[in-house]
Amino acid sequence: MSEALDPRVAAREAAAVMPTYRRMPVELVRGEGAHLFDPAGRRYVDCIAGISMANVGHCHPDVVEAIRTQAGTLINTSNLFYTEPGIALAEWLRDHTIGGKVFFCNSGAEASEAALKLARRHAGPGRDEVVALRDGFHGRTFGALSLTGQPDKQEPFRPLVPTVRHVSRDDPAELDDAISERTAAVFLEVIQGEIGVQPVAPDVLSRARELCDRFGALLIVDEIQTGLSRTGPLLASSEAGLAPDVVLLAKSLGGGVPIGAVVATPEVSDALQPGDHGSTFAASPLACAAGLAACRVLADPVLQDEVRRLGAILLDGLVSLVDSGVALEARGRGLMCAVEFPEPVAADVVTGLMRAGFLANNTSAYTVRFLPPLVIAEEDVRELTGALAAVCAAL
Ligand SMILES: *Cc1c(COP(=O)(O)O)cnc(C)c1O
């Protein structure tokens, strides 16, 4: 498969769109399930799903139908009035996750921002410290960026929110030093996605819960990438035995439409009061109708079993690269996987896969990440592992 991007498309974009993204040289015009198509009709197997944004696959018929119906009825009204789809989605999320109540927003970063405000409101004055994990990712707006434990993303934009401390994902002793009666909240992911699918140590998770209980801080678990059946269960934290006070969702929640959600247990879900926070677009009937349709698809136990089964096949393929000495490490849970190479070849691997008809993503010069739509077929997974082995052999 040759490089297919029309250079005029790249030139038009360069002249009109701010250069914040490094794009792959492919234009996509259509999607169906786990497949994407370029203007020439070439088919790609989507192995990244918009960074776990399209867990239901592209143009899932239930999501399309929900959007069509809602778009022809009522798209948005702001939050000055009652609307049914937001209530229905909040009920669904409450009943299927951690109980309590939901605040809707429009993205993952906004969910982090809202949770930060909720934590400060819950803590009250004088209790303003927040703890997060190094290498974690919680978004790129100022509050969210302050939580994101990646210095290269933070450095150009300092000063940030000043009260955030970052600790190790492997060493619970660092939590002992960081959490105190001044801590309002601990933010963490169960598996750090953006850094290349790095699981957080179980004793860090359990110590965080223990210390939050001891000092009355909120444990806020960012499931924006791990959630909604990406790793098998609806929430990765439940499989890790972790009981959060607050769960953040976004990405795949809208079946492709922008929406984010902060879910809080009954004990903390009234911390934000009228006037404390809001967003004009949040809880739009359109996004919530799409969200409810997507959630119903993603909570299907048959689908979740497939995620575990196909994830094991994918991970096996990655492990065999380690066994043959090509790769250093393979990591994964469900359909959230990554492979790390000893040399900085990840971008070349991604390019090789693209030429072979598979769209993946490198999280660094060394690591390639796979987050396919959860509806991917076994045949596509097996072809991916075969293509990956061939690309690596040709390096
Ligand atoms: C993507 C992501 C975010 C940010 O979501 P946006 O919608 O891009 O703002 C936050 N946390 C995690 C874990 C993510 O993967």
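We count ligands from 1, going down the list as the structure has it; atoms in each ligand are counted the same way. Basis for what follows: all heavy atoms, side chains included, without hydrogens, waters or symmetry-related copies.
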**OP:** Look at the side chain of Thr148 and the backbone N and O of His138, then say whether any donor-acceptor pair between them is shorter than 3.5 Å.
**Re:** yes

Subject >> N/O separation below 3.5 Å, Ala250 to ligand 1 >> reply: no

**OP:** State whether the side chain of Ser52 and the backbone N or O of Leu371 hold a donor-acceptor pair below 3.5 Å, judged by distance alone.
**Re:** no

**OP:** Could you tell me whether Arg121 and Asp270 make a salt bridge, using a distance below 4.0 angstrom between a side-chain N and a carboxylate O?
**Re:** no

Original post:
Are any of the N/O atoms in Lys251 less than 3.5 Å from those in ligand 1?
Top reply: yes

Original post:
Is Arg230 salt-bridged to Glu223, going by a charged N under 4.0 Å from an acidic O?
Top reply: no

Original post:
ligand 1 and Ser112, any nitrogen or oxygen pair closer than 3.5 angstrom?
Top reply: no

Original post:
Ile51: heavy atom below 4.0 Å from ligand 1, yes or no?
Top reply: no

**OP:** Examine Val56 and Leu28 and state if one hydrophobic cluster contains both, with Ile, Leu, Val, Met, Phe, Trp and Tyr joined whenever side-chain heavy atoms are less than 4.5 Å apart.
**Re:** yes

Original post:
With atoms numbered from 1 as shown, which atoms in ligand 1 lie under 4.0 angstrom from a non-hydrogen atom of Gly139?
Top reply: 4 (C), 10 (C)

Original post:
Any N or O of Ala109 that comes nearer than 3.5 Å to an N or O of ligand 1?
Top reply: yes

Original post:
When rounded to the nearest 0.5 angstrom, what is the spacing between OG1 in Thr141 and CD in Glu113?
Top reply: 3.5 Å

**OP:** Check each atom of ligand 1 against the heavy atoms of Asp222 and keep those under 4.0 Å away; list them by number with element.
**Re:** 10 (C), 11 (N), 12 (C), 13 (C)

Original post:
Between Phe137 and ligand 1, does any nitrogen or oxygen pair lie at a separation below 3.5 Å?
Top reply: yes

**OP:** Could you tell me whether atom 9 (O) of ligand 1 has a protein heavy atom closer than 4.0 Å?
**Re:** yes

**OP:** Would you mind telling me if ligand 1 is within reach of the side chain of Arg140, the backbone, both or neither, using heavy atoms under 4.0 Å?
**Re:** neither

Subject >> Numbered atoms and elements of ligand 1 in range of His138, under 4.0 angstrom, heavy atoms >> reply: 10 (C), 11 (N)

**OP:** Scan side-chain atoms only and decide if Thr73 and Gln70 contain a donor-acceptor pair under the 3.5 Å cut-off.
**Re:** no

Original post:
Are the side chain of Gln150 and the backbone of Asp135 linked by a donor-acceptor contact shorter than 3.5 Å?
Top reply: yes

Subject >> Sub-4.0 Å atoms of ligand 1 with respect to non-hydrogen atoms of Gly108 >> reply: 4 (C), 5 (O), 6 (P), 7 (O), 9 (O)

